[in-house]
*Asks:* 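My questions all concern the structure below.
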Amino acid sequence: MKPKAKAEFVLLPVPTRDGKFIARYSEKGLAGLEFPSAVGLARRADRTPQRGIPTSSIRRWHRATAAALKRALAGRAPGVLPPLDVSVGTAFQQRVWSALRKIGCGQTQSYGEIAQAIGKPKAVRAVGGACGANPIPVLVPCHRVLAANRKLGGFSGGLNWKRTLLAREGVVLASGR
DNA sequence: CATCCAGTATATA
DNA sequence: TATATACTGGATG
């Protein structure tokens, strides 16, 4: 199953005490979330707050996103999430992301455990790839996946974010890296 | 301990 | 078609 080729998105800013995140919505729901470093997107989001798929749904989803994101950044369970549009991902990636959402707040799993959970115990490395391709970090907790030795591994939004998010949830990492 | 390798799904060139 | 990855466990020097 190949991901959908193209789609139109609505960008909306989510101001938090950690900076301005950018949420991306499709007609199906929340389709992406960017860390505050994406300055270009931030400006686009400011300039054209809503058009494209203007519906009251998006505003409703956005309130849920903003609330969930702030709770997640505080190290608490995000609570109710808006519908997530994962149609940009392959079937494999969607299974990985689904498994990620089952990791509880303050808990972690290894890439290998995720691979087992989706029934492909050898596709460990591919799981890493799927985590990196996760379009909705923080709310789809790719940061709770550690290497087998309980060390950090990588993080597309920057390892600092991964460390920070885990620390706020009270997760203790192996020392060194 | 340092390398290397297979196995896997994707992306990129 | 080849190579490189947010991996991991086992083999080898």
Side-chain angles (χ1 to χ4, degrees), chain A residues 1-9 11 14 16 18-24 26 28-41 65 68-69 71-78 81 84-177:
Chain A
M1 179 90 77
K2 276 289 195 179
K4 199 165 64 171
K6 202 167 190 178
E8 180 132 354
F9 296 113
L11 303 177
V14 187
T16 72
D18 294 296
K20 190 191 306 180
F21 285 67
I22 305 300
R24 188 202 330 268
S26 73
K28 297 182 196 159
L30 178 63
L33 187 64
E34 312 285 341
F35 284 99
S37 52
V39 181
L41 274 184
T65 298
L69 179 58
R71 281 193 289 261
L73 289 175
R76 288 179 286 140
L81 296 181
L84 305 181
D85 180 2
V86 292
S87 64
V88 290
T90 64
F92 176 84
Q93 289 167 337
Q94 291 183 30
R95 285 215 296 283
V96 172
W97 300 337
S98 166
L100 293 184
R101 281 186 302 175
K102 292 180 187 149
I103 309 179
C105 184
Q107 310 199 342
T108 64
Q109 284 199 345
S110 69
Y111 293 97
E113 286 168 326
I114 297 289
Q116 288 213 358
I118 62 175
K120 305 216 165 195
K122 290 183 180 167
V124 173
R125 195 166 187 175
V127 166
C131 291
N134 168 24
I136 314 175
V138 186
L139 297 184
V140 176
C142 45
H143 59 278
R144 297 194 186 124
V145 187
L146 304 178
N149 49 14
R150 206 170 171 73
K151 291 188 180 176
L152 262 191
F155 193 62
S156 43
L159 285 176
N160 283 347
W161 274 110
K162 189 167 183 176
R163 267 190 287 265
T164 302
L165 291 168
L166 288 172
R168 288 180 187 174
E169 295 182 11
V171 172
V172 181
L173 302 168
S175 53
R177 205 159 57 114

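First the proteins, then the strands, lettered A, B, ... as listed; each starts at 1.
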*Asks:* Looking only at side-chain atoms of A:Cys142, point me to the closest of C:dA6, C:dT8, B:dG7.
*Replies:*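 Nearest to the side-chain atoms of A:Cys142, counting from C-beta on, is C:dA6.
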*Asks:* Check the distance between B:dA9's C1' and A:Tyr111's OH and give it to me in whole angstrom.
*Replies:*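 Rounded to whole Å, this separation is 15 Å.
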*Asks:* Does the side chain of A:Thr90 get closer than 4.0 angstrom to OP1 or OP2 of B:dT10 through an N or O atom?
*Replies:*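 Yes, within the criterion.
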*Asks:* Would you say A:Lys162's side chain and A:Leu146's backbone share a donor-acceptor pair under 3.5 angstrom?
*Replies:*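 Not at all, since once roles are kept as given, no pair shorter than 3.5 Å links the two residues.
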*Asks:* How close or far is atom P of C:dG9 from atom NZ of A:Lys151, stated in whole angstroms?
*Replies:*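 In whole Å, C:dG9 P lies 14 Å from A:Lys151 NZ.
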*Asks:* Would you indicate, yes or no, if B:dA9 has its OP1 or OP2 atom less than 4.0 angstrom from a side-chain nitrogen or oxygen of A:Lys120?
*Replies:*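 True: A:Lys120 side-chain N/O within range (under 4.0 Å) of B:dA9 OP1/OP2.
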*Asks:* Counting N and O atoms only, with roles assigned by atom type, does the side chain of A:Glu113 sit under 3.5 Å from a partner on the main chain of A:Ser110, one being a donor and the other an acceptor?
*Replies:*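 Here the side-chain-to-backbone pair exists.
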*Asks:* How long is the line joining CD of A:Gln93 and C1' of C:dA6, in whole Å?
*Replies:*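 Answer to the nearest Å: 13 Å.
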*Asks:* What integer distance in Å separates A:Trp97:CH2 from C:dA6:P?
*Replies:*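 Distance check: A:Trp97 CH2 to C:dA6 P gives 17 Å.
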*Asks:* Between B:dA13 and C:dA6, how many Å separate the two P atoms, rounded to a whole number?
*Replies:*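 It comes out at 15 Å once rounded to the nearest Å.
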*Asks:* What is the base-pairing partner of C:dA6, counting Watson-Crick and G-U wobble geometry with both distances under 3.5 Å?
*Replies:*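 Paired with no nucleotide.
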*Asks:* Figure out the CZ/P separation between A:Arg125 and C:dA6, and round it to whole Å.
*Replies:*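 Atom CZ in A:Arg125 sits about 8 Å away from atom P in C:dA6.
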*Asks:* Counting side-chain heavy atoms from CB outward, which of B:dT8, C:dT8, C:dA6 is closest to A:Ser110?
*Replies:*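 Of the options given, the side chain of A:Ser110 lies nearest C:dT8.
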*Asks:* How close or far is atom C1' of C:dA6 from atom CG of A:Leu100, stated in whole angstroms?
*Replies:*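 In whole Å, C:dA6 C1' and A:Leu100 CG are 12 Å from each other.
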*Asks:* Could you tell me how far apart A:Asn134 (CG) and B:dA11 (P) are, to the nearest whole angstrom?
*Replies:*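 A:Asn134 atom CG is separated from B:dA11 atom P by 14 Å.
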*Asks:* Across the strands shown, which category fits A:Gly132 at heavy-atom distances under 4.0 angstrom: base, sugar-phosphate, nothing?
*Replies:*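 Here A:Gly132 touches the bases of the nucleic acid.
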*Asks:* Nearest 0.5 Å please: distance from the OG1 atom of A:Thr108 over to the CZ atom of A:Arg150.
*Replies:*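 Rounded to the nearest 0.5 Å, the OG1-CZ separation comes out at 4.0 Å.
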*Asks:* Mind checking the CZ-CG spacing from A:Arg71 to A:Leu139? Nearest 0.5 Å is all I need.
*Replies:*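 Spacing of CZ (A:Arg71) from CG (A:Leu139) equals 10.0 Å.
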*Asks:* Rounded to whole angstroms, how far apart are CZ on A:Phe92 and C1' on B:dA11?
*Replies:*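 To the nearest whole Å, that distance equals 14 Å.
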*Asks:* Centroid separation under 6.0 Å, is that true for the rings of A:Phe155 and A:Trp161?
*Replies:*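 Centroid separation for A:Trp161 and A:Phe155: 6.0 Å or greater.
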